[in-house]
Each structure stands twice: as C-alpha cells, then as structure tokens.
Amino acid sequence: MINHGRARFVTGFLAIPVALYLIYVIAPYAQAFYIAFTDWRGVNASPRLVGLENFRRLLDDNVFWQAVRHNLVLLILMPVLTLGIALFFAFLLNAGGRGGTGGIRGSKFYRVVFFFPQVLAVAVVAVLFQQVFRPDRSGMLNAPLIALGFEPVGFLSSTDVAFWSILAVLVWQAVGFYVVLFSAGIASIPRDLFEAAAIDGAGGPQLFLRVTLPLLWDTIQVGWVYLGIAALDVFAIVWVMTAEHGGPDHSTTVMAAEIYRTAFQYFKFGYASAMGVVLFFFTIGFAALALRLSRRERIEF
C-alpha cells in the first residue's frame, strides 16, 4: 500500500512537467520532422508530402555543405581553443602560486574581468565586434595598422579572414564562463594534493598535467559537450556581424543561418526543416560520441 501510494505521488508530481515537455519540446520536434517531408511554404494549409525529395536536394546544395564544413571546423577548434585558454587562466588564477597553494595576485578581480562577456547579449557582442573590425581608422584593430602605414585588414570583408574573425569572437565570448567554471573545480581540489606534489618536486606544468587536469576531467567533458553543441548552433554572431548574413560569398555561413534564410527569406519551410533534421542528428551524434569517447573511471579524493 505504501509503495502504491508513493508511486501515485511520484506520478502526480511528474505529470505536469512531463506533459509540458511533450507539448513544448517533443511535439515541435515531431512537427519539424513531418514538415521536412513536405513542400510546405508557410502559407498553404495542406502541405503536400514529397517524401525524401528535400533530403535529395540537400545532397546537391553546395551552400549548405559549405555551411556544414564551417560548423565542423568550429566543432573542432572552438572547444579546443576555449577550453585550453580557460584551463590555462583558471590554473593561474587558482593554483599558479608557489607550490600550487594559491593563485596570482588579484585573481578575484581577474575572474570578474574574464566573466564580463557573459553578461553581454550575443547580439551586443556582435555589434561591438563589428566596430572593432571596421576596415577604416575608426576600427580598433585597423586604426594602429593604418597609422603605421600598413594596409587595413578586411576582418569581415575578406573571404580568407572573415571566418577566423568569427571564430575569435566566439572564443572570446565563451572563454570567461569556463574560466569561472574551472576555477570552481580547481578550488574544490584539496590543497594538500598540490602541496604534496610540490614537495615531491613537481613544477607548474607537472601540477597542471598530473593533478589539476585529471581531477577536472569530468568538468572538461561537460564543457566539451556544451561547446560542441554551441559550435553546431552558432547563429546570432554570424547573422549580425557579417555581410549578407554569412558572407562574403558564404565564407562564414553556418547551418543555422542557412535554415533561417531558407525558411524566412525564401519561404521554403519544408526544405528548411530538412536542414534542421540534419542539424539535429549532427548535434545528437556529436553529444553521444563525445560522451562515449571521454568516458573514464571517476577519480575520488
């Protein structure tokens, strides 16, 4: 009787959250999958089923596959650069002192400075860096180059540079959060471990590689998954910062930008949904693969 009552209580407690999840998450996903098999243009009440036609068109869509390549490059470089920089600064701030027993002077102030980009809306970050990358004397980076007699760099207008400029902004915007995240992880590691390693002759690199990194592995794994998903879901930075919303000449376009453009500029909602289905499987596949490859024994202390 007691177990039966407990089961009814748990079921009643979870009924509303599960219902909301089904209505607002699962149902839209199911609808998107259905629309991907139609030629719906957003206005006709009864879309016509076209089977796999939208997916066959995707195979010959060079712009979409260019966007896929950009997302894959971001998927590799954005987590590596962000986590690497964040780990370096977090270690300095929390365990970079002598013997690994403390951080550098002013570490609390630097944490606030690193975290500052997180309080800015993504659109604000994009507009800010539009001004930083301006190709004239009003641009923060080009102004000193011009003053020294060099040609200005087309950070957002050159097909060779624009994508890397976007990557730099994405890393700048994300790194502060992971500095704070890793700082909290390092702060939870007992100081005795650092002191014992230092007594045994371990220097800064050894402290980082042999003590800090293994004990932060679970946190790094979570950060890797989050950043990978963010790399596949990049939209606002590209859409606001770049010419032609992914230009020049599609050199910075990403899958999310092509989905938005196809749906709300070309009114091809069925085709855009097919792109969304591809992005969905890319994201789910990456998350599952990352968790599988990074799984290891948990270290207790």
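Remember, predicted model here, so these are calculated numbers, not experimental data.
In plain terms, the two heavy atoms of His245 and Gln265 that are nearest each other are CD2-NE2, 4.3 Å. The minimum heavy-atom distance between Val180 and Phe115, with the atom names listed, is CG2-CD1, 3.6 Å. When all heavy atoms are compared, the tightest approach of Ala287 to Val225 is CB-CG1, 4.3 Å. Among all heavy-atom pairs drawn from Arg41 and Lys268, the shortest one is NH1-CG, 3.9 Å. Taking every heavy atom of both residues into account, Ala123 and Val240 meet most closely at O-CG1, 4.3 Å. Taking every heavy atom of both residues into account, Leu156 and Pro248 meet most closely at O-CD, 3.5 Å.
Contact annotation: the side chain of Leu58 never approaches that of Asn54 to less than 4.5 Å [non-hydrogen atoms, C-beta and beyond]. With contacts defined as side-chain heavy-atom distances shorter than 4.5 Å, the pair Phe269/Phe264 qualifies. Contact of the Met275 side chain with the Asp61 side chain is registered, since non-hydrogen atoms from C-beta on lie closer than 4.5 Å. Side-chain contact between Asn71 and Phe282 is absent, with no heavy atoms from C-beta onward closer than 4.5 Å. The closest side-chain heavy-atom distance from Tyr271 to Tyr266 is not below 4.5 Å.
Distance CG/Leu74 to NE2/His70: 8.5 Å, rounded to 0.5 Å. For the atom pair Leu75 CG and Thr283 OG1, the distance stands at 9.0 Å (nearest 0.5 Å). Note that the CG atom of Leu216 and the CG atom of Leu83 stand 11.0 Å from one another [nearest 0.5 Å]. Atoms CD1 and CD1, from Ile166 and Ile237 in turn, are 7.0 Å apart once rounded to the nearest 0.5 Å. The OH atom of Tyr34 sits 11.0 Å away from the OG atom of Ser273 when rounded to the nearest 0.5 Å. Atom CE of residue Met255 and atom CZ of residue Phe235 lie 14.0 Å apart, to the nearest 0.5 angstrom.
Gln66 and Thr253 are not linked by any side-chain donor-acceptor pair at a separation below 3.5 angstrom, with hydrogens and angles left out of the test.
Counting heavy atoms of neighbouring residues, nucleotides and ligands inside a 6.0 Å radius, atom CZ of Phe55 exceeds 12 of them. When the shell of 6.0 Å around CD of Glu151 is examined, it contains 12 or fewer heavy atoms from other residues, nucleotides or ligands. Crowding of Leu148 atom CG: a count of heavy atoms from other residues, nucleotides or ligands under 6.0 Å exceeding 12. A 6.0 Å sphere centred on CZ of Phe33 holds more than 12 heavy atoms belonging to other residues, nucleotides or ligands.
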| Would Gln131 and Met140 count as a side-chain contact (heavy atoms from CB on, under 4.5 Å) if you check the C-alpha gap in whole Å, the side-chain angles of each, and the deciding distance to 0.1 Å? | CA-CA 7 Å; Gln131 303 307 310; Met140 189 179 76; over 6 Å; no
| task | Applying side-chain contact (heavy atoms from CB on, under 4.5 Å), run through Thr262 and Phe64 and close with a yes or a no. | result | CA-CA 10 Å; Thr262 303; Phe64 177 74; over 6 Å; no
| request: Mind running side-chain contact (heavy atoms from CB on, under 4.5 Å) on Phe280 and Tyr29 for me, showing each step along the way? | output: CA-CA 9 Å; Phe280 170 81; Tyr29 271 116; 3.5 Å; yes
| task | Output, in order, the C-alpha distance, side-chain angles, deciding distance and verdict of side-chain contact (heavy atoms from CB on, under 4.5 Å) for Phe150 and Asn142. | result | CA-CA 9 Å; Phe150 294 100; Asn142 274 315; over 6 Å; no
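With sequence neighbours excluded, the residues that form a side chain to side chain contact (heavy atoms under 4.5 Å, CB included) with Val80 are Trp224. Legend: residues meeting side-chain hydrogen bond (donor to acceptor under 3.5 Å, both in side chains) with Ser183, ordered by chain and number and at least two apart, are Asn94. Residues passing the salt bridge (Lys or Arg N to Asp or Glu O under 4.0 Å) test with Arg134 are Asp136, sequence neighbours excluded. Residues forming a side-chain hydrogen bond (donor to acceptor under 3.5 Å, both in side chains) with Tyr178 (at least two apart in sequence, or on another chain): none. For Asp39, the salt bridge (Lys or Arg N to Asp or Glu O under 4.0 Å) partners are Arg48, not counting sequence neighbours. Under the salt bridge (Lys or Arg N to Asp or Glu O under 4.0 Å) criterion, Arg56 pairs with Glu53, sequence neighbours left out.
Note: Phe89 and Phe114 have tilted aromatic rings, judged against thresholds of 30 and 60 degrees for the angle between ring planes.
Cluster annotation: Val122 is connected to Leu167 through the hydrophobic network of ILVMFWY side chains, with a link wherever side-chain heavy atoms come within less than 4.5 Å. Hydrophobic cluster membership is shared by Phe286 and Phe281, with clusters built from Ile, Leu, Val, Met, Phe, Trp and Tyr side chains linked at under 4.5 angstrom. The hydrophobic clustering, which links ILVMFWY residues whose side-chain heavy atoms are closer than 4.5 Å, places Ile26 and Leu20 apart. By the criterion of side-chain heavy atoms lying less than 4.5 angstrom apart, applied directly or through intervening Ile, Leu, Val, Met, Phe, Trp or Tyr residues, Val50 is not grouped with Trp40; the two fall into different hydrophobic clusters. Neither Tyr24 nor Ile35 shares a network with the other; the hydrophobic side chains, linked directly or stepwise wherever heavy atoms of I, L, V, M, F, W or Y lie under 4.5 Å apart, form separate groups for each.
Between the side chain of Thr252 and the main chain of Gly246, a donor-acceptor pair closer than 3.5 Å is present. Side chain of Thr242 to main chain of Trp239: no donor-acceptor pair is present (N/O by atom type, distance under 3.5 Å, no hydrogens or angles). Listed for the Arg111 side chain is no donor-acceptor partner under 3.5 Å among the backbone atoms of Ala90. For the pair Gln118 (side chain) and Gln173 (backbone), a donor-acceptor distance under 3.5 Å is present. Side chain of Thr82 to backbone of Val175: no donor-acceptor contact under 3.5 angstrom is found.
Phe91 and Phe182 have their aromatic ring centers separated by at least 6.0 angstrom. With ring centers used as reference points, Phe129 lies under 6.0 Å from Trp172.
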